[in-house]
Amino acid sequence: MTRARPLLSILVIAASAGLLYAMRNTTPGYQELTGPIPETGTMRETITTRLFDVTVERVIFAHALTFEGLGRQHTRTTSGLWAVVTTQLSATRKSSSVGYAAWVGPTGLLYQQTGRLEHARGVPPYPVDPGLSREGRFVFEIRADQARNATLVVSNDFSPRLDSEARIILDRVPETQDGRLAVLDVLDLDHPQGVPN
Amino acid sequence: MTRHSSLPLPPDNAADRPARSPWRRRCLWLLTLLLPLTAGVLSYNSVLRWLDSQHLIARQVAAETSAQFGDASWQLDAMRAVDLPPSSGLPSDAMAVVAEFSVQVQRADLPVLWQACRIELVDDRGRRWEPSPILHIADSAARDCISAAVSGARAGSRLQVREVFLVPRAVAHAVTATVSVEAERPYYLSFTRPQA
């Protein structure tokens with residue numbers, strides 16, 4: 001018994017050290033602990049966050065965008081794709097605004113909303129009121145291989161802390177009859193005519 | 001014969017044990033006071049800031065009467081629900097609600113007294129509508145609350161304060177108006193709708 005006691009102590013210390021090491025490596029960091037609280041769903045499904053409800057209606061891909069601003073027509077081309085997501089937004093309990101969205105591709109690449117639509121009409125942030133649904137459009141410039149199996153992240157502001165954000169799996173992207181991605185040559189943002197998702 | 005029987009145990013005499021200090025127990029009891037007290041002191045400023053940002057306790061104001069608030073006398077003159085033009089692009093199930101107040105100013109430092117002035121509409125389910133940033137009614141006399149606060153109004157003057165809201169048609173005739181300013185929070189005024 002007396003001889004076994006030092007061995008037992010060593011075992012207890014080793015087990016404690018192992019346990020502490022495991023705890024240290026599995027404890028979430030401060031940023032993660034105080035980060036956004038995800039509310040997940042799919043297209044055509046209403047996702048309810050603390051301050052707003054969001055439903056993704058459709059996604060349209062295009063090689064170029066046109067829009068009117070400051071009295072003249074603007075065109076924006078890209079070497080990738082334009083992804084235009086149309087949503088319905090409303091506030092849950094009190095008036096608010098929805099201003100942030102990101103496109104997260106299948107490999108984890110994250111695209112913020114484009115900053116190339118200066119002077120376009122109907123850009124975020126969108127004021128929302130309880131009981132009133134309104135359209136909210138989010139535009140991203142993405143790589144073509146990030147179009148399928150993507151997730152749309154929507155929140156009131158950039159990187160909410162300890163507040164909910166919507167994460168919507170974009171499971172109904174537009175396709176041609178042979179299963180390829182349907183991409184418009186030019187999309188007029190003022191009069192969008194997309195391919196049904 | 002066991003090992004213990006050959007080594008007699010010392011007698012268990014309580015009088016031989018060192019006496020515990022009475023302060024040990026007192027300190028433990030004191031912790032029950034000190035811990036909540038410390039939490040209170042540390043969170044005092046945060047709680048005050050939170051209370052300043054919330055309106056929690058309503059002061060009811062009967063129709064066509066005025067109430068003292070933020071060193072001014074507030075009266076709700078009218079609340080009108082207005083149809084929106086069909087070509088406005090706004091939801092077809094929405095109406096504009098215009099709330100008009102007359103305010104008798106009693107002290108001139110409104111930018112301080114009415115800081116973070118908030119006028120809202122509330123329905124019976126507790127949903128709250130803030131003034132719409134989309135709707136504007138051109139009128140030189142009436143201003144929104146923040147503009148009125150920084151208008152340089154003098155003591156004794158009377159201000160017309162007007163806010164416009166976008167609310168669902170179903171509750172447009174049932175919502176009530178509330179007013180809160182930072183100097184008075186957590187109190188706020190809740191106005192009974194005047195007769196149309």
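Convention: sequence-line order gives letters A, B, ...; per-chain numbering from 1. Excluded from the calculations below are hydrogen atoms, water molecules and symmetry mates; all remaining heavy atoms, backbone and side chain alike, are included.
A:V123 and A:L189 end up in different hydrophobic clusters when Ile, Leu, Val, Met, Phe, Trp and Tyr side chains are linked at under 4.5 Å. Linking ILVMFWY side-chain heavy atoms closer than 4.5 Å, directly or via other members, places A:L110 and A:L170 in two distinct hydrophobic clusters. With hydrophobic clusters built from ILVMFWY side chains whose heavy atoms lie under 4.5 angstrom apart, B:V161 shares a cluster with B:V61. One hydrophobic cluster, built from ILVMFWY side chains closer than 4.5 Å, holds both B:V105 and B:L76. Connection of A:V183 to A:W103 is established within a shared hydrophobic cluster, with ILVMFWY side chains joined at heavy-atom distances below 4.5 Å, either directly or through further cluster members.
For B:V167, the part lying near chain A is the backbone, with the side chain staying farther off; criterion is any non-hydrogen pair under 4.5 Å. Contacts of A:P127 with chain B are made by side-chain atoms alone, with heavy-atom separations under 4.5 Å and no backbone atom involved. Neither the backbone nor the side chain of B:L90 comes within less than 4.5 Å of any heavy atom in chain A. Only the backbone of A:S133 comes within contact range of chain B, with at least one heavy atom under 4.5 Å from a heavy atom of that chain.
The closest donor-acceptor contact from the side chain of B:W129 to the backbone of A:K94 lies at 3.5 Å or more, if one exists at all. One N or O on the side chain of A:R93 and one on the backbone of B:R125 form a donor-acceptor pair closer than 3.5 Å.
Heavy atoms from other residues, nucleotides or ligands lying under 6.0 Å from CZ of A:R24 number 12 at most.
Between the OG atom in A:S96 and the CZ atom in B:R128 there is a gap of 11.0 Å [rounded to 0.5 Å]. Atom-to-atom distance recorded for A:R134:CZ and B:L166:CG is 9.5 Å, nearest 0.5 angstrom. To the nearest 0.5 angstrom, B:R169 atom CZ is 11.0 Å from A:L132 atom CG.
Shown here for B:E130 and A:S95, the closest heavy-atom pair between the two residues is N-OG, 2.8 Å.
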